[in-house]
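Quick notes on the structure that follows.
Fair warning: this is a prediction, and the values are worked out from it, not measured in the lab.
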Amino acid sequence: MTNVVTRFAPSPTGHLHIGGARTAIFCWLLARHYGGRFHLRIEDTDLLRSKQEYTDSILASMRWLGLDWDGELTYQTQRADVYSRYVDKLLESGHAYWCDCTPEEVEAMREEARQKGLKPRYNGRCRSRELGPGEGRCVRLKTPLTGKVVFDDMVKGRIAVDVAELDDMVLRRADGMPTYNMAVVVDDYEMGITHVIRGDDHVSNTPRQILIYQALGLPVPTFGHVPMILGPDKQKLSKRHGARAVIEYQRDGLLPQALVNYLVRLGWSHGNQELFTREELIEFFDGRNLNPASAAFDPAKLEWCNAHFMREMPLEELARLVAPFVKETGLGDLPQERLIPLCEMFRERANDLKAMAEAFRPLLVPADELSYVEKDANKHFTDAGKEHLHRLAPIFAACEPFTSESLDAALNAYVADNGLKFKQVAPPLRTALMGFMGGSHLKDIMAFLGRAETLARLQRAAG
RNA sequence: GUCCCCAUCGUCUAGUCGGCCCAGGACAACGGCCUUUCACGCCGUCAACAGCGGUUCAAAUCCGCUUGGGGACGCCA
């Protein structure tokens, strides 16, 4: 395959959702794999529901996911005259006709068909009336009376539909605007699109669009219909399932490469490989091995995937990414040199940036504001426990320099010299430092805290 | 109602055009090891070819039917 050109064509009536994001990723990957082009087209012909803020949001999400597009953005509303020209061509060639049936009349026809148990459709009343242009008139396609429309879908294989199932669809509305199917065909043709990858819900539109391509005498692109993403309960994804827009995952502290990796594996596979670098994705994604069955979204696996990338990424980068979350958590602005050791201590203990930032809290509040988990405090701040803290304080105070290594040595010496077991000393110390039985290595915690904070915590806990 | 599509462990999936699959990997769950906590890591356990008929020496893989899902039937996209 050479000269692959794909496009992602969202309509700006909402934020970019994970379903759309996955479609975009597939389109982007296919283009990048074959060294082709990937275009972005804003399908904003629904004037009532389209909003600029949604376009902005979608673009922001695309950038965040790292899906760069080629060339300029296309807005359908700016191309009304282009679509009209193509409709006129169809009128001239006899492939389309004017219709003055009102929407109410058409609805009556459909209702009548429904009553008879037939497929609801326009009955072709104006098909041979030879009407000309006029107020309130739309233009319809003169659908062939017999035959089948057949196409080979990249994911579903051969699909065949009898034209008898299709009615004479509207190409240009009474207000002069093109309908979706008309605009899509014209745009895809003019943009040179070779592969149309889109959601499953468009399969039934495909035969209609192919009919338009044929009437126009244009080459038909290759189609690939990816199944929709279901909720964890196998039901249609909805607000009930929590976060669905990629912007929400971004706000929750997910890494874009994790979301991309997870989404791409939902419906596509490369043997048993689960984790991919972006380069591998581009190398392996050739448009094959797409699963025709719909997949359920599994938040747990997404988390696992995210945790993986957090552990793999350079600390400096992780520190930079977590900074805004630390600030948002109310822990203030921290310099990189403070953030890096924190990330090193907690990256393996958090599944996302937000949770990691929250895990920093015990180490960032002053000793007297540290909150204790009651259960742990009661259990470990015993007389014996406090005694250890009392005796440890001067030992740590004497550590010079106050580093992870010297603290570790001092703590080990204390345990050994007194014939103790680590289990006797570590729990009260940990609870004094963290407020609960969790966190990273004691030596690292103390080194990060510094001498004054460490001693203040021991003193407070020892009473 | 009509048309189209789909169907392997709880979930994502491998299974390249029938045999090497009494079905493999990953997430989750559970158990263990490691360990000063929590994690990470490692080891292990549980667990699926929707059902029924064909075709064939041989079927998760091919065909048909049934059942169960989903989608579409707009002068929305």
Pick base, sugar-phosphate or nothing for A:His225, based on heavy-atom distances below 4.0 Å to the nucleic acid.
nothing

At less than 3.5 Å, do the side-chain atoms of A:Asn272 and the base atoms of B:rG24 form a donor-acceptor pair?
yes

Look at all strands and tell whether A:Gly271 reaches a base, only sugar-phosphate, or nothing, counting heavy atoms closer than 4.0 Å.
sugar-phosphate

Find which nucleotide of RNA chain B each of A:Lys443 and A:Ala9 is nearest to by heavy atoms, and output the residue with the more 5' nucleotide.
A:Lys443

Any N or O donor-acceptor pair linking the side chain of A:Arg121 to the base of B:rC73 at under 3.5 Å?
no

When we call it a touch if two heavy atoms are under 4.0 Å apart, what does A:Ala350 touch: a base, just sugar-phosphate, or nothing?
nothing

Across the strands shown, which category fits A:Ala293 at heavy-atom distances under 4.0 angstrom: base, sugar-phosphate, nothing?
sugar-phosphate

What's A:Met169 touching, base or sugar-phosphate or nothing? Going by heavy atoms closer than 4.0 Å.
nothing

So what does A:Asp44 touch, heavy atoms closer than 4.0 Å: a base, only the sugar-phosphate, or nothing?
nothing

Mind checking if A:Arg114 touches a base, just sugar-phosphate, or nothing, with heavy atoms under 4.0 Å?
nothing

Using a cut-off of 4.0 Å on non-hydrogen atoms, how would the nucleic acid contact of A:Leu442 be classed: base, sugar-phosphate, or nothing?
base

Got a second to check how far A:Tyr180's OH is from A:Asp46's CG, nearest 0.5 Å?
13.0 Å

Would you call A:Trp304 stacked on B:rC27, i.e. ring centres under 5.5 Å apart with the planes less than 30° off parallel?
no

No-H, no-angle donor-acceptor pair, A:Glu348 side chain to B:rG41 base, under 3.5 Å
no

For A:Thr431, report the nucleic acid contact type (base, sugar-phosphate, nothing); a contact means any heavy atom under 4.0 Å.
nothing

Specify the residue among A:Asp46 and A:Arg22 whose closest nucleotide of RNA chain B lies further upstream toward the 5′ end.
A:Arg22

Which base sits across from B:rU67 as a Watson-Crick or G-U pair, both distances under 3.5 Å?
B:rA7

